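Below: the structure, in structure tokens.
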Amino acid sequence: LTLGPEHPETFAAMQNVAISYDEAGRHDEALKLLEQAVELSRKGLGAEHPYTLRTEGALALIYHQAGRNDEALKLGEEVLALKSKVLGSEHHEALAAMMNLALFYDTAGRRDESLKLKEQALPLYLKVLGPKHPDTRQAISELAKGYEEVGRWHEVLKLLEQTLSLDRKALERQRDRKSTRLNSSP
């Protein structure tokens, strides 16, 4: 069975190989392959297809890691706008694109824009994934770091207290479940 050069699985495979190249330090090959995958995906599937958007998101991250932040910013903004339009602003991929763009803004020294995105993202993460999800916890951490960088210590403390409260509640539920199981055993 041959999928062909314009099949979505081909683009996914190209993206996976490119990420492996990048992790192996073969950044130029990773960029070249992802740029090719984006071009083929746009041509074969269209600019708004989820595979195209995923591949563009990966390319934006690799641009960022390669120090090509202007390209990462431009593509990151496009990816966020399209993922929000196509998938909805509450889709987990749109949320990830929002956090990636916040990272790109941080690197470019655009802390106000980065902080604004992180502030928008956290309530969505809490709503969509819940407070215990690792991505939500990462969003809390990133927002706390953003507040710390601009000296908003009250907000940092508030987020850390909120996280501690969530952790305590989770531990209490876990303890209650164990207690219930032990008490119901014959």
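The residues of the chain are indexed from 1 along the displayed sequence. Computed from heavy atoms alone, side chains included, the values below leave out hydrogens, waters and symmetry copies. For clarity, every value in this text was computed on a predicted model and none was experimentally measured.
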*Does any N or O in the side chain of S89 come within less than 3.5 Å of the main-chain N or O of K85, such that one atom is a donor and the other an acceptor?*
no
*Taking all non-hydrogen atoms of both residues, which atom of L34 and which atom of Q15 are closest, and how far apart?*
CD2-CA, 3.9 Å
*Find out whether E93 and R54 are in side-chain contact, i.e. whether some heavy atom of one side chain is under 4.5 Å from a heavy atom of the other.*
yes
*Sequence neighbours excluded, which residues qualify as ring-ring contact (aromatic ring centres under 6.0 Å, His included) partners of Y105?*
none
*Indicate whether the side chain of D106 and that of S114 have a donor and an acceptor atom separated by less than 3.5 Å.*
yes
*Could you state the interatomic distance from CG (L95) to CD (E90), rounded to the nearest 0.5 Å?*
8.0 Å
*Cluster overlap I19 with Y21, hydrophobic side-chain contacts below 4.5 Å*: no
*asked:* Under 4.5 Å between side-chain heavy atoms, counting indirect links through other Ile/Leu/Val/Met/Phe/Trp/Tyr residues: same cluster for M99 and L122 or not?
replied: no
*Between T52 (side chain) and G46 (backbone), is there a donor-acceptor pair under 3.5 Å?*
yes
*Under 3.5 Å, is there a donor-acceptor pair linking the side chains of S41 and H49?*
no
*Side chains of H133 and R137: closer than 4.5 Å at any heavy-atom pair?*
no
*Going through the distances and angles, do L61 and F104 end up as a side-chain contact (heavy atoms from CB on, under 4.5 Å)?*
CA-CA 9 Å; L61 277 171; F104 305 158; 4.0 Å; yes
*Which is it for E119 and K116 under the salt bridge (charged side-chain N to carboxylate O under 4.0 Å, His left out) test, yes or no, and what are the steps along the way?*
CA-CA 5 Å; E119 289 172 332; K116 183 179 176 184; over 6 Å; no
*asked:* Measuring from atom CG of L126 to atom CD of Q162, what distance do you get when rounded to the nearest 0.5 angstrom?
replied: 6.0 Å
*side-chain contact (heavy atoms from CB on, under 4.5 Å) between L101 and E77, intermediate numbers included*: CA-CA 7 Å; L101 184 56; E77 288 170 342; 3.7 Å; yes
*Search all heavy atoms of Y125 against all heavy atoms of A139 and return the closest pair with its distance.*
CD1-CB, 3.6 Å
_Note, Y63 side chain near N69 side chain (heavy atom, < 4.5 Å)_ = no
*With the 4.5 Å side-chain cut-off for hydrophobic clustering, are L75 and V38 part of the same group?*
yes
*Nearest-0.5 Å distance that lies between atom CG in L103 and atom CG in L117*: 11.0 Å
*With the threshold set at 4.0 Å, does a side-chain nitrogen-carboxylate oxygen contact exist between K158 and E155?*
no
*Are Y51 and E9 linked by a side-chain donor-acceptor pair shorter than 3.5 Å?*
yes
*For Y147, what residues pass the ring-ring contact (aromatic ring centres under 6.0 Å, His included) criterion, not counting sequence neighbours?*
none
*For the pair L157 and H154, evaluate side-chain contact (heavy atoms from CB on, under 4.5 Å) and give the outcome as yes or no after the intermediate values.*
CA-CA 5 Å; L157 186 57; H154 179 71; 5.7 Å; no
*Apart from L164 itself, what residues make up its hydrophobic cluster, given side-chain heavy atom links below 4.5 Å?*
none
*Can you check whether T55 reaches L59 side chain to side chain, under 4.5 Å on heavy atoms?*
no
*Of the non-hydrogen atoms in A121 and M98, which two are nearest, and what is the gap between them?*
CB-SD, 3.5 Å
*asked:* Which residues pass the salt bridge (Lys or Arg N to Asp or Glu O under 4.0 Å) test with R68, not counting sequence neighbours?
replied: E35, E71
*How many angstroms lie between CZ in R152 and CG in L115, if you round to the nearest 0.5 Å?*
5.5 Å
*Minimum-distance pair of heavy atoms, taken over all atoms of H27 and D22*: ND1-OD1, 2.7 Å
_Contacts of type side-chain contact (heavy atoms from CB on, under 4.5 Å), residue L40, not counting sequence neighbours_ = F11, M14, Q36
*Mind checking the CZ-CD spacing from R111 to E149? Nearest 0.5 Å is all I need.*
4.5 Å
_Other residues, nucleotides and ligands only: do more than 12 of their heavy atoms fall within 6.0 Å of CG on N16?_
yes
_Looking at every heavy atom in both A97 and V79, which two are closest together, and how far apart are they?_
CB-CG1, 4.1 Å
_Spatial distance of atom CG (N100) from atom CG (L73) [nearest 0.5 Å]_ = 11.5 Å
_Using modelled atom types and a 3.5 Å cut-off, is there a donor and acceptor pairing between side-chain atoms of D135 and backbone atoms of L129?_
no
*By side-chain contact (heavy atoms from CB on, under 4.5 Å) - contacts of L160 (at least two apart)*: V156
*Heavy-atom pair of closest approach, residues A60 and G76*: CB-N, 4.1 Å
*T136 side chain to K132 main-chain N or O, any donor-acceptor pair under 3.5 Å?*
no
*N-O pairing of K43 and E39 below 4.0 Å*: no
_Side-chain donor/acceptor of T163 to backbone N/O of L159, under 3.5 Å_ = yes
